[in-house]
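Below is one structure, written out as structure tokens; the observations come after it.
Just so it is clear: chains get the letters A, B, ... in the order the sequence lines come, proteins before strands, and each one is counted from 1. Below, each value reflects all heavy atoms present in this structure, side chains not excepted, and no hydrogens, waters or symmetry copies.
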Amino acid sequence: MEEVRVRFAPSPTGYLHIGGARTALFNWLFARRNSGKLVLRIEDTDSDRLKEDSVAQILSSLRWLGVDWDEGPEKGGDFGPYYQSQRQEFYTAAAKTLVEEGKAYYCFCSEEELAKEREERRREGLPLLYSGKCRSLAANEVRERLRQGLKPVIRLKVPNRDRVLVKDIIRGTVSFARDQFDDFIIVKSNGLPAYNFACVVDDHAMQISHVIRAEEHLSNTPKQQLIYEALGYEIPQFAHLSMILAPDRSKLSKRHGATSVSEFKEMGCLPEAVANYLTLLGWSPTEEQGEIISPAEVVSSFSLEKVSKTAAIYDLQKLFWLNGRYITDYDLEKLAFQAVPFLLREGILSPLEAEQNQEYILSVLRTVRDRVKTLRELAEASRYFFRDIEGYEEKGQEKYFGRPGVADLLARGRERLAGVEVFTAENTERAYRDLIAELAIKGGQLIHPTRLALTGRTVSPGLFEVMAVLGRERCLDRLEQAVKFIRLYNAEKEKT
RNA sequence: GGCCCGUUGGUCAAGCGGCCUAAGACACCGCCCUUUCACGGCGGUAACGCGGGUUCGAAUCCCGCACGGGUCACCA
């Protein structure tokens with residue numbers, strides 16, 4: 001059987017979009033499933049729209065997601081170059097062949113002329129298609145105009161016939177009427193190829209067997225097929241993936257918040273979670289597999305036939321849920337590696353501290369990771385383990401510090417903790433439980449104020465775990481500090 | 001507007017003519033666990049866009065309509 005070769009062909013006009021990422025991922029899945037190759041090709045023929053760091057951004061996002069390519073930028077391969085801007089000779093040669101064979105022709109119509117023509121057609125209620133008037137230009141006339149220095153475009157001479165049938169693995173056979181197409185442009189007046197043309201020439205030259213791309217390209221496909229036919233190329237298999245839509249069902253754009261892979265990274269998503277989430281958008285694992293699954297685990301059962309035809313709306317909540325699951329299940333050291341940058345960024349840790357307190361960082365992450373959904377939250381939830389408490393949460397102050405006798409109670413709690421030899425969660429808990437029993441109070445009466453004293457917050461991981469991680473010294477200090485604060489706080493209150 | 005694709009709960013989705021008085025997951029609600037918040041466990045609310053056919057039988061096939069999306073560039 002022929003080798004499977006697929007490609008992902010982004011245009012470097014910005015960051016890698018979540019939709020593009022999904023397309024790349026599905027191409028990857030298909031390539032791996034069929035022991036084929038994934039080619040990465042940069043479609044940079046329109047210099048006006050290029051963005052500086054875009055290629056580097058896209059490559060790093062793909063890598064971050066775990067999508068590796070077999071041929072392409074920074075990788076090479078036998079079918080390069082992999083930048084369309086470096087493949088001009090291919091396009092020129094193919095266009096020349098078509099013109100010589102009479103399958104394409106020069107068109108000298110100016111943009112103004114075309115606009116005028118289009119306007120007339122609009123008025124008459126006709127489809128806005130090119131009339132084809134340069135089709136019949138005599139050879140000597142063409143030569144004459146070229147000599148005058150006019151810059152023509154090259155148009156494909158679309159043959160007469162009823163319909164163009166496109167076979168799509170996901171959608172079946174799609175039929176387009178011939179009268180939907182005019183003699184469209186394949187080479188622009190600046191000599192660069194138009195998208196459909198470059199795409200066909202490259203896909204053929206790179207021996208692409210399956211073109212897997214977003215649904216927005218389905219309507220382009222018949223045009224491309226016409227080019228394949230004119231060039232006498234074998235037509236690859238097509239598969240058009242449904243779109244990913246914003247929550248309001250409109251096309252995804254910046255105004256919908258996070259839509260690029262790098263933004264998800266910024267928010268504190270783990271690459272595995274994003275890849276997992278994207279896999280679920282259009283693909284459904286078997287019941288046994290479950291939904292927490294890596295692309296690598298999907299490979300063996302992946303098939304394009306089973307990919308959903310329906311446009312999907314992306315749901316951040318589910319991504320975050322997955323992310324939370326990955327955070328709790330992640331290898332602890334790897335998690336630290338991912339989380340430390342967030343701690344640094346928030347100023348919770350300095351680079352030096354991060355270097356010197358690795359064990360401590362691990363113990364902190366171990367206790368907080370169960371209850372957060374992103375690395376940002378993880379950092380926020382870790383703050384009081386690394387930095388002094390800056391204040392007590394407002395609503396907790398009145399509730400837990402406002403009760404009579406709390407200061408004394410905390411002072412006694414502090415005493416007990418001071419006597420704990422080995423400062424483990426079990427031992428601190430026993431010390432506290434004993435005190436609670438002796439005083440015949442409810443656990444919460446002591447536990448809640450203590451939590452507020454130690455963390456400054458009303459919610460935290462289990463109190464005794466927190467104590468164990470914090471260590472005796474810090475716990476005693478913070479309790480002492482809290483006792484002072486409460487005495488002051490209540491004195492102030494009495495005055496008013 | 002023409003053409004193309006699509007339409008199962010709020011979201012992702014299973015389903016490919018009888019197993020469907022429609023699975024699972026997220027979200028939501030309740031209960032349990034519990035020192036708080038999560039986690040976890042148990043339970044619950046919630047869907048085949050509408051109208052015609054075909055068939056003994058339709059979420060599944062066909063047609064029409066509605067709605068959503070895509071596309072009609074010297075953008076990709």
Side-chain angles (χ1 to χ4, degrees), chain A residues 9-13 43-46 48-49 84 107 109-111 114 118 122 125-129 151-155 166 168 170-172 174-177 179-182 184-196 198-199 214-223 240 242-243 245 247 249-251 277 280-287 290-292 305-306 308-322 324-325 328 368-373 381 396 400 429 432-433 436 442-452 455 457-464:
Chain A
S11 178
T13 54
E43 308 220 328
D44 56 351
T45 55
D46 181 20
D48 290 354
R49 297 180 59 217
Q84 288 193 326
C107 167
C109 297
S110 68
E111 296 200 39
L114 292 175
R118 221 174 281 148
R122 191 197 312 277
L126 296 166
L128 308 177
L129 302 175
K151 298 279 183 227
V153 299
I154 300 177
R155 291 180 182 271
V166 172
D168 186 284
I170 296 174
R171 280 151 225 285
V174 184
S175 166
F176 297 84
D179 61 18
Q180 290 304 306
F181 314 109
D182 55 7
F184 56 90
I185 292 169
I186 56 176
V187 176
K188 305 186 250 181
S189 57
N190 61 8
L192 296 178
Y195 163 72
N196 285 312
C199 186
E215 191 184 355
E216 52 186 322
H217 292 292
L218 184 55
S219 305
N220 281 320
T221 310
K223 288 187 186 176
H240 288 92
S242 57
M243 309 279 297
L245 267 24
R249 298 208 132 272
S250 69
K251 195 171 179 175
Y277 180 68
L280 258 21
L281 243 37
W283 174 260
S284 47
T286 63
E287 202 119 340
E291 291 198 335
I292 300 200
E305 285 79 4
K306 278 170 36 186
S308 165
K309 301 187 219 310
T310 322
I313 294 169
Y314 84 113
D315 177 22
L316 252 19
Q317 275 184 320
K318 184 147 184 179
L319 204 211
F320 288 147
W321 170 76
L322 273 169
R325 291 293 304 262
T328 45
V368 298
R369 67 156 153 188
D370 286 356
R371 22 183 58 83
V372 297
K373 296 216 182 311
Y400 301 130
E429 173 152 23
Y432 251 46
R433 294 288 178 203
I436 287 162
K442 283 197 165 176
Q445 283 180 259
L446 178 58
I447 285 168
H448 292 304
T450 302
R451 167 175 294 109
L452 190 60
T455 69
R457 304 178 189 187
T458 57
V459 307
S460 80
L463 182 64
F464 304 105

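- At a cut-off of 3.5 angstrom, counting only N and O atoms as typed in the model, there is no donor on one side facing an acceptor on the other between the side-chain of Glu216(A) and the base of G69(B).
- Listed candidates were U35(B), G40(B), G10(B). Nearest to the side chain of Asp315(A) is G10(B).
- Between Lys251(A) and the phosphate of U71(B), there is a side-chain N or O to OP1/OP2 separation shorter than 4.0 Å.
- Residues Cys107(A) and Tyr277(A) both approach RNA chain B. Their nearest nucleotides, taken by heavy-atom distance, put Tyr277(A) toward the 5′ side.
- In this structure, A76(B) makes no Watson-Crick or G-U wobble pair, since no nucleotide meets both defining distances under 3.5 angstrom.
- Nearest to the side-chain atoms of Met243(A) among the listed nucleotides C72(B), G24(B), G69(B) stands G69(B).
- Checked against C72(B), A25(B), A38(B), the side chain of Arg371(A) finds its nearest nucleotide in A38(B).
- Here Thr45(A) reaches the OP1 or OP2 of A76(B): one of its side-chain N or O atoms lies under 4.0 Å away.
- The distance from atom CZ of Arg249(A) to atom C1' of G10(B) is 11 Å, rounded to the nearest whole Å.
- Across all strands shown, C39(B) has no partner, as no Watson-Crick or G-U wobble contact with both distances under 3.5 Å is found.
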Heteroatom pairs (N/O) under 3.5 angstrom, protein to nucleotides 45-48 of chain B:
none

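- The Val459(A) side chain lies nearest to U36(B) when the options are A76(B), C26(B), U36(B).
- Taking 4.0 angstrom as the limit, Thr310(A) places a side-chain polar atom (N or O) nearer than this to OP1 or OP2 of U7(B).
- Across all strands shown, Gln445(A) has no heavy atoms under 4.0 Å from either base or sugar-phosphate atoms.
- At the heavy-atom level, Lys442(A) lies nowhere under 4.0 Å from the strands shown.
- Nearest to the side-chain atoms of Lys188(A) among the listed nucleotides C74(B), C72(B), C5(B) stands C74(B).
- Each of U35(B), C4(B), A25(B) was ranked by its minimum atom distance to the side chain of Trp321(A); first place goes to A25(B).
- Using bins of under 30°, 30° to 60° and over 60° for the plane-to-plane angle, the ring pair Tyr432(A)/Phe464(A) lands in the perpendicular bin.
- Remark: A46(B) base-pairs with no nucleotide; criterion is Watson-Crick or G-U wobble with both hydrogen-bond distances under 3.5 Å.
- Using N1 to N3 plus N6-O4 or O6-N4 for Watson-Crick, or N1-O2 and O6-N3 for G-U wobble, each under 3.5 Å, U71(B) pairs with G2(B).
- Pairing of U60(B), defined by two Watson-Crick or G-U wobble distances under 3.5 Å, is not identified with any nucleotide.
- Residue Tyr195(A) has its side chain nearest to A76(B) when only A76(B), C26(B), G69(B) are considered.
- For C26(B), the paired nucleotide is G10(B), the pair qualifying as Watson-Crick or G-U wobble because both relevant distances are below 3.5 Å.
- In terms of phosphate contacts, Arg433(A) brings a side-chain nitrogen or oxygen within less than 4.0 Å of OP1 or OP2 of U35(B).
- For the pair Arg171(A) and Lys318(A), nearest-nucleotide mapping onto RNA chain B gives the more 5' position to Arg171(A).
- Under the Watson-Crick or G-U wobble criterion, with both distances below 3.5 Å, C20(B) has no partner in any strand shown.
- Heavy atoms of Leu463(A) sit under 4.0 angstrom from at least one base atom.
- In this structure, the side chain of Asp44(A) engages the main chain of Gln84(A) through a donor-acceptor pair within 3.5 Å.
- In this model, the phosphate group of A14(B) is approached by a side-chain N or O of Ser284(A) to a distance below 4.0 Å at OP1 or OP2.
- Set against G40(B), U11(B), G69(B), the side chain of Glu215(A) has G69(B) as its closest nucleotide.
- Spacing of C1' atoms, A47(B) relative to A14(B), comes out at 13 Å, to the nearest Å.
- Among the heavy atoms of the strands lying under 4.0 Å from Ser175(A) are primed sugar atoms or P, OP1, OP2 only; no base atom is included.
- Nucleotides A73(B) and G53(B) are separated by 42 Å at their P atoms, to the nearest Å.
- Contacts of His240(A) with the nucleic acid, taken as non-hydrogen atoms under 4.0 Å apart, are absent.
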